[in-house]
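The structure presented is a predicted model; accordingly, all values stated were derived computationally and were not measured. Side chains are part of it too, since the values below use all heavy atoms of this structure and drop only hydrogens, waters and symmetry mates.
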Amino acid sequence: QVQLVESGGGLVQAGGSLRLSCAASGRTLIGYAMGWFRQAPGKEREFVAAISRSGGVTDYSDSVKGRFTISRDNAKNTMYLQMNNLKPEDTAVYYCATKFAVYYSNIYYLRAEYDYWGQGTHLTVSS
């Protein structure tokens, strides 16, 4: 069993930066691919970014590409999402998720593919 806890959310002005963290406990994340999703009020939870178990492969949704960077520190059992040039439309609850990955380079885009989820951290971007 893996427990995930997100942190780092808050209120930031448009154009600002923030870094989210996702700390895991219960099991080492080595061997697990990870991802970030977000859910804005009244909308479905959507894919934001994903990273392979090795950290060598990453991908992003078009809406955040070039502004957000996903990374992980397996020694600290933690994943990060560096968010720059934030926009009001980035306002949402951000969730981290993980699943065991057989292959080093696999990443996952669908909510249903992930086995473990955090409780979320709120981000509000004011205009």
Side-chain angles (χ1 to χ4, degrees):
Q1 193 79 3
V2 178
Q3 293 82 41
L4 302 175
V5 178
E6 303 94 338
S7 62
L11 174 64
V12 63
Q13 288 188 331
S17 298
L18 210 61
R19 188 178 79 161
L20 304 182
S21 299
C22 172
S25 62
R27 184 171 295 184
T28 176
L29 287 179
I30 294 174
Y32 284 75
M34 304 191 73
W36 286 99
F37 289 74
R38 67 186 182 186
Q39 187 166 15
K43 295 188 176 181
E44 294 288 318
R45 193 174 300 187
E46 64 175 5
F47 169 79
V48 174
I51 188 166
S52 63
R53 55 180 278 183
S54 67
V57 178
T58 60
D59 203 6
Y60 303 87
S61 66
D62 288 342
S63 61
V64 308
K65 197 168 292 184
R67 300 188 297 122
F68 290 12
T69 302
I70 189 172
S71 63
R72 63 189 296 166
D73 186 338
N74 286 343
K76 295 183 178 180
N77 239 25
T78 302
M79 175 179 66
Y80 305 97
L81 186 68
Q82 176 66 43
M83 304 181 293
N84 298 327
N85 190 22
L86 283 162
K87 303 176 180 180
E89 49 264 43
D90 295 319
T91 295
V93 178
Y94 283 73
Y95 299 90
C96 64
T98 190
K99 70 162 278 133
F100 181 76
V102 175
Y103 300 106
Y104 284 97
S105 60
N106 280 14
I107 57 175
Y108 303 91
Y109 297 87
L110 303 180
R111 290 168 51 186
E113 294 181 293
Y114 287 88
D115 299 316
Y116 303 101
W117 291 83
Q119 293 301 305
T121 185
H122 291 255
L123 169 67
T124 301
V125 183
S126 63
S127 58

Participant: Checking Y109 side chain against D59 main chain: does a donor-acceptor pair fall under 3.5 Å?
Facilitator: no
Participant: So that I know where these two stand, are W117 and F37 an aromatic pair - ring centroids less than 6.0 Å apart?
Facilitator: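 Ring-ring flag for W117/F37: true, centres closer than 6.0 Å.
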Participant: Taking all non-hydrogen atoms of both residues, which atom of A14 and which atom of S127 are closest, and how far apart?
Facilitator: CB-CA, 4.3 Å
Participant: Under 3.5 Å, is there a donor-acceptor pair between the side chain of R72 and the main chain of S52?
Facilitator: yes
Participant: Are L110 and F100 connected in a single hydrophobic cluster, I mean Ile/Leu/Val/Met/Phe/Trp/Tyr linked by side-chain heavy atoms less than 4.5 Å apart?
Facilitator: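 Per the 4.5 Å side-chain linkage, F100 and L110 are not co-clustered.
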Participant: Can you confirm whether L11 sits close enough to H122 that some side-chain heavy atom of one is under 4.5 Å from a side-chain heavy atom of the other?
Facilitator: no
Participant: Suppose we screen for salt bridge (charged side-chain N to carboxylate O under 4.0 Å, His left out). Which residues come up paired with K43, at least two apart in sequence or across chains?
Facilitator: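 Here no residue qualifies.
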Participant: Are any of the side-chain heavy atoms of L123 and L86 separated by less than 4.5 Å?
Facilitator: yes
Participant: Could you grab the distance from atom CZ of R67 to atom OG1 of T69, nearest 0.5 Å is fine?
Facilitator: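 Reported to 0.5 Å precision, the distance equals 11.0 Å.
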Participant: Using the side chain to side chain contact (heavy atoms under 4.5 Å, CB included) rule, take R38 and E46 through it: C-alpha gap first, then chi angles, then the decisive distance, then the call.
Facilitator: CA-CA 5 Å; R38 67 186 182 186; E46 64 175 5; 2.7 Å; yes
Participant: Does the pair D90/K87 count as a salt bridge with the N-to-O cut at 4.0 Å?
Facilitator: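 The answer is no: the pair does not qualify as a salt bridge.
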Participant: Side-chain contact test, heavy atoms from C-beta onward, threshold under 4.5 Å: evaluate it for R27 versus Q1 and give yes or no.
Facilitator: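 They are not in contact (no side-chain heavy atoms under 4.5 Å apart), so the answer is no.
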Participant: Of the non-hydrogen atoms in A50 and I107, which two are nearest, and what is the gap between them?
Facilitator: CB-CB, 4.0 Å
Participant: If you take all heavy atoms of M79 and G35, which pair is closest and at what distance?
Facilitator: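 Closest approach of M79 to G35, heavy atoms only: CE-O, 3.4 Å.
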Participant: Measuring from atom CH2 of W36 to atom OG of S61, what distance do you get when rounded to the nearest 0.5 angstrom?
Facilitator: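 Atom-to-atom, W36:CH2 and S61:OG are 14.0 Å apart.
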Participant: Please check this pair: side chain of R53 against backbone of L29, looking for a donor-acceptor N/O pair closer than 3.5 Å.
Facilitator: no
Participant: Report yes if some heavy atom in the side chain of L20 is under 4.5 Å from a heavy atom in the side chain of E6; otherwise report no.
Facilitator: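 Sidechains of E6 and L20: no contact.
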Participant: Between E113 and N106, is any pair of side-chain heavy atoms under 4.5 Å apart?
Facilitator: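 The answer is no, as the side chains (C-beta and beyond) never meet within the 4.5 Å cut-off.
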Participant: If we only count heavy atoms from C-beta on, is the K76 to S21 side-chain gap below 4.5 Å?
Facilitator: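 No, too far: nothing below the 4.5 Å cut-off.
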Participant: Within the side chain of T91, is there an N or O that forms a donor-acceptor pair under 3.5 Å with the backbone of V125?
Facilitator: yes
Participant: In the single-linkage hydrophobic clustering (I, L, V, M, F, W, Y; side-chain heavy atoms under 4.5 Å), do M34 and Y103 co-cluster?
Facilitator: yes
Participant: Just wondering, are more than 12 heavy atoms of other shown residues or ligands nearer than 6.0 Å to CD in Q119?
Facilitator: no
Participant: Given the rule that I, L, V, M, F, W and Y join up when any side-chain heavy atoms are under 4.5 Å apart, are V2 and I51 in one cluster?
Facilitator: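 Yes, it is one cluster - the side chains of V2 and I51 are joined through contacts under 4.5 Å.
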Participant: Within the side chain of Y60, is there an N or O that forms a donor-acceptor pair under 3.5 Å with the backbone of I70?
Facilitator: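 At least one qualifying donor-acceptor pair exists.
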Participant: Given 3.5 Å as the limit, does a donor-acceptor pair link the side chain of D115 with the main chain of K99, or not?
Facilitator: no
Participant: Compare every heavy atom of A49 with every heavy atom of L81, then report the nearest pair and how far apart it is.
Facilitator: CD1-CB, 4.2 Å
Participant: Report, as yes or no, whether the 6.0 Å neighbourhood of atom OH on Y104 holds more than 12 heavy atoms from other residues, nucleotides or ligands.
Facilitator: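 Counting neighbours around OH of Y104, 12 or fewer heavy atoms of other residues, nucleotides or ligands fall under 6.0 Å, so no.
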Participant: Let me confirm one number: the OH-CG distance from Y114 to L4, rounded to the nearest 0.5 Å.
Facilitator: 11.0 Å
Participant: To the nearest 0.5 Å, tell me how far Y80 OH sits from S7 OG.
Facilitator: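 So the gap between those two atoms works out to 9.0 Å.
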Participant: Would you kindly confirm whether V5 and Y94 end up in one hydrophobic cluster when ILVMFWY residues are joined by side chain heavy atoms under 4.5 Å apart?
Facilitator: no
Participant: Are V93 and V64 connected into the same hydrophobic cluster when the rule is that any two of I, L, V, M, F, W, Y join if their side-chain heavy atoms are below 4.5 Å apart?
Facilitator: no
